[in-house]
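Let me begin by presenting the structure, written as structure tokens, before commenting on it.
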Amino acid sequence: MEATVRIEKVVFGGEGLGRLSDGKVLFVPYSLPGELVKVRVVKDLGDYAEAEIVDILEPSPDRRSPLCPYYGVCGGCQFQHATYQAQLSLKQAILFETFSRAGWKEDIPLEGVIPSPKEFFYRNRLRLHVEADAFKMGFVKRKSHEVLKIERCFLAEEVLNKVLFDLYQSPVWIRLSAYSKRVKIESSPLEGKATLIFWTALKPGKEDLKELASLSSLKACFYWRKGRHPEGPFPEGASFGGRRLFKGLDHLVYYVQPGVFVQTNWEINLAIMDTIRSWRLDYETVLDLHCGMGNFILALISSETTKALGVDTDLRAIEDGLYTAEKNGIDGRLDLRQMSSTEALYQAIKQGERFDLVLVDPPRGGCKEILRFLPEVNKRYLVYVSCDAPTLVRDLKILRDLGYLLKKVYLFDMFPQTYHFEVLCLLERKG
């Protein structure tokens, strides 16, 4: 079935919304608000339908040609067909609609929409599926389980693409890929190099690892079969145990093991840190409930800080936070522990500890399960960093009912060319 529809808006997920003549909602990928498009309905799901564009009859002035040749097949990007300024506007509209659909009645104190310094080539990591039969590495195709061979990702830093190119030319990697299911390439920006981890069913030979580690753009390689830690680094003498080096605010340098989570867009990550510091919040004690490798808590320690506690369930991330603190000469005010946020809150309540500032940066599912404990531990400020607007707004409604006021909201474009974005919120306890 074909139809002509006017696109009303773009919704969370990146698809345009239009309506058939009978009023049924139609979702159209790669469309923009205001466009008149001829579409083919590909799936009718009762209350709504999914369609694909046959022809763009009236294109938006914000439409442009995608840069990436894989666009439309690869499932990674949704907005390359829109100018960058239009992408920012779309994301702001999606954020506001997310609040509205969740029943948020109060004003949304949006202080700013912060663009990425780079539209393309900003990602500091690539995680690729490996298929040995066809010798390909890539991402899953849109709405498919099939792997699309990728030879260059237009979102990845160029050092990562250089390693990817070298892997396709490497005889040793052709051999090792026969036993590997995925590979992760991550940059070390202060060194201009990258690290590589591959997941393998068989233990590689020493000569193979030596040859693989000799690729010109690699700092070190690791392999992972089982357990909490990958094997490596190779070469064994790789500096800082093969850790990646990131420049933080002021003179801080982060040292991060391959495979440990780092925000994808490091420049935007620094902008978030800088924004939090610009608020000049009055605090002496801080609790970071999802501290990772010390990303935010290390940047928030000041001369006035008397205690800084960070917790995370990832042992390797905690190791990196402690390593970074030692290398940067940060004194004993910093306490990093491997434990869940729930355990940390239970312990604080039991011991009667309270913190002036609490920071949460949860995964996409949010942190609904811990919110009810926060008023017993948090004296004044709560900073919430989120990569998922729907779960963020859900949690903000709960926090509002627990006596928190939403004071500031910022949208950071952590993920240009996609519908994803990061939101930073400042909340303050009433009274």
Side-chain angles (χ1 to χ4, degrees), residues 5-19 25-37 39 48-53 56-68 70-102 104 107-123 142-143 154-155 263-265 267-268 271-272 275 364 385-394 396 409-425:
V5 298
R6 180 77 66 179
I7 302 301
E8 300 174 14
K9 58 186 176 182
V10 170
V11 299
F12 185 82
E15 297 182 334
L17 184 149
R19 298 177 194 275
V25 169
L26 194 67
F27 292 108
V28 186
Y30 313 118
S31 60
L32 293 172
E35 289 187 328
L36 186 67
V37 292
V39 300
Y48 66 94
E50 297 176 351
E52 60 185 15
I53 293 177
I56 302 171
L57 304 176
E58 295 179 13
S60 165
D62 294 323
R63 179 171 286 277
R64 68 177 179 185
S65 298
L67 182 65
C68 177
Y70 306 116
Y71 187 62
V73 181
C74 173
C77 294
Q78 300 81 35
F79 283 166
Q80 280 197 36
H81 61 286
T83 64
Y84 189 52
Q85 189 57 48
Q87 292 183 35
L88 297 175
S89 298
L90 290 172
K91 293 182 182 189
Q92 179 175 326
I94 289 170
L95 177 63
F96 274 57
E97 182 173 17
T98 303
F99 272 92
S100 177
R101 287 178 64 85
W104 186 271
D107 289 339
I108 303 167
L110 183 67
E111 298 277 324
V113 176
I114 291 78
S116 172
K118 298 175 184 174
E119 273 192 66
F120 295 94
F121 307 114
Y122 62 85
R123 287 188 63 93
R142 182 177 176 272
K143 295 192 175 183
F154 283 74
L155 300 192
Q263 291 284 12
T264 297
N265 188 330
E267 290 180 82
I268 283 292
I272 295 174
T275 299
R364 292 196 183 279
V385 183
S386 172
C387 61
D388 187 81
T391 56
L392 167 68
V393 178
R394 178 203 68 197
L396 290 178
V409 175
Y410 291 79
L411 188 158
F412 288 86
D413 194 19
M414 182 76 76
F415 313 98
Q417 315 309 324
T418 81
Y419 74 88
H420 299 288
F421 50 87
E422 205 85 359
V423 183
L424 170 65
C425 297

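We're numbering straight along the sequence, starting at 1. Keep in mind that this is a model prediction, so the values were computed, not measured.
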Quiz item: Got a sec, which residues hit side chain to side chain donor-acceptor pair (under 3.5 Å) with R101, two or more places apart in sequence or on another chain?
Solution: none
Exercise. For the pair Y419 and F79, evaluate ring pair (Phe, Tyr, Trp, His ring centres under 6.0 Å) and give the outcome as yes or no after the intermediate values.
Key: CA-CA 7 Å; Y419 74 88; F79 283 166; 7.3 Å; no
Quiz item: If we only count heavy atoms from C-beta on, is the R19 to E8 side-chain gap below 4.5 Å?
Solution: yes
Quiz item: Do the rings of Y71 and Y30 sit parallel, tilted or perpendicular, given the 30° and 60° boundaries?
Solution: perpendicular
Exercise. Applying side chain to side chain donor-acceptor pair (under 3.5 Å), name anything that partners S60, two or more places apart in sequence or on another chain.
Key: none
Considering only distance and modelled atom types, tabulate donor-acceptor pairs under 3.5 Å from the side chains of residues 92-100, sequence neighbours left out.
residue : atom : partner : partner atom : Å
E97     : OE2  : K9      : NZ           : 2.5
T98     : OG1  : I94     : O            : 2.7

Quiz prompt | Name of the residue among Q87, Q78, Q80 meeting side-chain hydrogen bond (donor to acceptor under 3.5 Å, both in side chains) with Q417 | solution = Q87
Quiz item: Between V39, L36, L32, V37, which is the residue that forms a side-chain contact (heavy atoms from CB on, under 4.5 Å) with I7?
Solution: V37
Quiz item: Can you list the steps and then say if F121 with F154 is a ring pair (Phe, Tyr, Trp, His ring centres under 6.0 Å)?
Solution: CA-CA 6 Å; F121 307 114; F154 283 74; 5.7 Å; yes
Quiz item: Do any pairs count as a salt bridge (Lys or Arg N to Asp or Glu O under 4.0 Å) and have a residue in residues 82-93, sequence neighbours left out, and if so which ones?
Solution: K91-D413
Quiz item: With a 4.5 Å heavy-atom cut-off, do V28 and E15 have their side chains touching?
Solution: no
Practice problem: Quick one: do N265 and F415 satisfy side chain to side chain contact (heavy atoms under 4.5 Å, CB included)? Show the steps, please. | Solution: CA-CA 7 Å; N265 188 330; F415 313 98; over 6 Å; no
Self-check item: Candidate pair V423 and V409, rule side chain to side chain contact (heavy atoms under 4.5 Å, CB included), full reasoning
Solution: CA-CA 7 Å; V423 183; V409 175; 3.8 Å; yes
Quiz item: Within a strict 4.5 Å, meaning less than it, do heavy atoms of the P416 and Y122 side chains meet?
Solution: yes
Self-check item: Residues forming a ring pair (Phe, Tyr, Trp, His ring centres under 6.0 Å) with Y84, sequence neighbours excluded
Solution: none
Exercise. Please name all residues satisfying side chain to side chain donor-acceptor pair (under 3.5 Å) with D388, sequence neighbours left out, ordered by chain then number.
Key: T391
Quiz item: Do side-chain atoms of R6 reach the backbone of G34 as a donor and acceptor pair under 3.5 angstrom?
Solution: yes
